[in-house]
*Asks:* 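The structure under discussion is supplied below as structure tokens; questions concerning it will follow.
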Amino acid sequence: MEETFVPFRGIKNDLKGRLLCYKEDWTGGFNAGFRILAPTTYIFFASAIPVISFGEQLDRSTNGILTAVQTLSSTAICGIIHSIFRGQPLLILGVAKPTVLMYTFMYNFAKDREDLGPKLFLAWTGWVCVWTAFLLVLLAILGACSIINRFTRVAGELFGMLIAMLFVQQAIR
């Protein structure tokens with residue numbers, strides 16, 4: 001395990017590893033013929049059904065500002081971008097319950113504020129996502145994933161407990 005932070009080392013290693021398989025992943029998919037139809041259908045429904053159901057929940061939680069159409073569109077765009085750049089066309093992407101909770105809390109925070117309100121919610125959420133992406137890219141550049149071995153199972157269990165508590169809080173409301 002890498003112990004030191006060397007900028008771009010992890011990204012470089014990932015790219016080097018994926019480039020070996022990139023062409024084969026795509027040619028294998030195109031040469032598979034009808035055999036690719038079953039896994040493609042499975043991945044489609046495994047991705048689309050949660051996105052639609054969580055999108056409907058977002059629609060109710062944000063008073064129609066975020067809808068199932070938007071979540072389905074964004075998942076499709078992200079899936080296409082990810083499959084092209086990472087060479088993994090059969091990947092399940094989508095919205096998860098913690099994401100729905102995050103947007104619900106953000107909407108509840110913004111809706112009563114004079115400087116945000118429902119009109120600026122999408123713009124504000126967009127900037128939150130841009131800054132989140134920037135910080136994630138920065139963490140990738142710095143190789144922060146090399147410290148994952150320092151976290152014990154307790155940290156993962158605490159995060160799981162936090163998510164469970166958020167579910168219980170939402171259910172009580």
Side-chain angles (χ1 to χ4, degrees), residues 1 8-107 121-123 125-141 143-146 148-149 151 153 156-157 159-160 162-164 166-167 170-171:
M1 199 79 200
F8 294 99
R9 181 193 296 174
I11 294 173
K12 186 180 82 172
N13 291 342
D14 282 349
L15 287 175
K16 200 184 313 180
R18 282 303 309 153
L19 284 176
L20 299 173
C21 307
Y22 188 81
K23 182 180 176 187
E24 183 183 336
D25 286 345
W26 284 95
T27 56
F30 284 121
N31 293 333
F34 286 109
R35 292 179 299 163
I36 200 72
L37 190 59
T40 302
T41 305
Y42 172 78
I43 296 295
F44 171 76
F45 285 111
S47 297
I49 291 171
V51 167
I52 293 170
S53 63
F54 287 136
E56 285 300 316
Q57 188 175 1
L58 272 173
D59 188 11
R60 285 190 303 273
S61 298
T62 62
N63 292 329
I65 294 176
L66 291 173
T67 65
V69 173
Q70 292 163 326
T71 56
L72 194 57
S73 300
S74 66
T75 301
I77 291 168
C78 290
I80 290 168
I81 291 170
H82 193 277
S83 67
I84 290 172
F85 288 110
R86 292 302 294 164
Q88 298 171 345
L90 294 177
L91 177 73
I92 299 174
L93 293 175
V95 179
K97 184 64 175 180
T99 307
V100 174
L101 290 174
M102 179 194 70
Y103 284 117
T104 301
F105 289 138
M106 287 172 61
Y107 179 76
F121 172 70
L122 280 179
T125 302
W127 278 108
V128 167
C129 292
V130 166
W131 279 104
T132 302
F134 172 74
L135 292 173
L136 290 171
V137 168
L138 185 64
L139 287 172
I141 289 170
C145 62
S146 65
I148 196 71
N149 61 344
F151 292 96
R153 185 174 171 165
E157 296 297 330
F159 183 72
L162 170 68
I163 298 300
L166 293 174
F167 284 133
Q170 286 290 92

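Computed from heavy atoms alone, side chains included, the values below leave out hydrogens, waters and symmetry copies.
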*Asks:* Could I get the full list of side chain to side chain contact (heavy atoms under 4.5 Å, CB included) partners for Arg153, not counting sequence neighbours?
*Replies:* Glu157

*Asks:* Report the residues that fulfil side chain to side chain contact (heavy atoms under 4.5 Å, CB included) with Ala76, sequence neighbours left out, ordered by chain and then residue number.
*Replies:* none

*Asks:* Answer yes or no: is there a donor N or O on one side and an acceptor on the other, between the side chain of Thr71 and the main chain of Ala68, under 3.5 Å?
*Replies:* yes

*Asks:* Sequence neighbours excluded, which residues qualify as side chain to side chain contact (heavy atoms under 4.5 Å, CB included) partners of Thr104?
*Replies:* Ser61, Val100, Asn108, Gln170

*Asks:* Which heavy-atom pair separates Ile36 from Pro39 by the least distance, and what is that distance?
*Replies:* O-CD, 3.4 Å

*Asks:* Rounded to the nearest 0.5 Å, what's the gap from CG on Leu122 to OG1 on Thr62? Could you check?
*Replies:* 8.0 Å

*Asks:* Taking only residues two or more places apart in sequence, or in another chain, which ones meet Ile141 in a side chain to side chain contact (heavy atoms under 4.5 Å, CB included)?
*Replies:* Pro7, Phe8, Ile11, Val137

*Asks:* For Leu20 and Lys16, work out which heavy atoms get closest and say how close.
*Replies:* CG-O, 3.5 Å

*Asks:* Once you round to the nearest 0.5 Å, how far does CZ of Phe159 lie from CD1 of Ile163?
*Replies:* 4.0 Å

*Asks:* Test Phe44 against Thr40 for side chain to side chain contact (heavy atoms under 4.5 Å, CB included), laying out the working first.
*Replies:* CA-CA 6 Å; Phe44 171 76; Thr40 302; 5.5 Å; no

*Asks:* Using the side chain to side chain contact (heavy atoms under 4.5 Å, CB included) rule, take Thr41 and Phe45 through it: C-alpha gap first, then chi angles, then the decisive distance, then the call.
*Replies:* CA-CA 6 Å; Thr41 305; Phe45 285 111; 3.6 Å; yes

*Asks:* Who are the ring-ring contact (aromatic ring centres under 6.0 Å, His included) partners of Phe134, not counting sequence neighbours?
*Replies:* Trp131

*Asks:* For the pair Thr75 (side chain) and Leu72 (backbone), establish whether a donor and an acceptor sit closer than 3.5 Å, ignoring hydrogens and angles.
*Replies:* no

*Asks:* Can you find a heavy atom in the side chain of Tyr103 that is under 4.5 Å from one in the side chain of Thr99?
*Replies:* yes

*Asks:* Looking only at heavy atoms, which two atoms of Ile65 and Gln70 are closest? And how far apart?
*Replies:* O-OE1, 2.9 Å

*Asks:* Can you list the residues that meet the ring-ring contact (aromatic ring centres under 6.0 Å, His included) rule with Phe121, with sequence neighbours excluded?
*Replies:* Tyr107

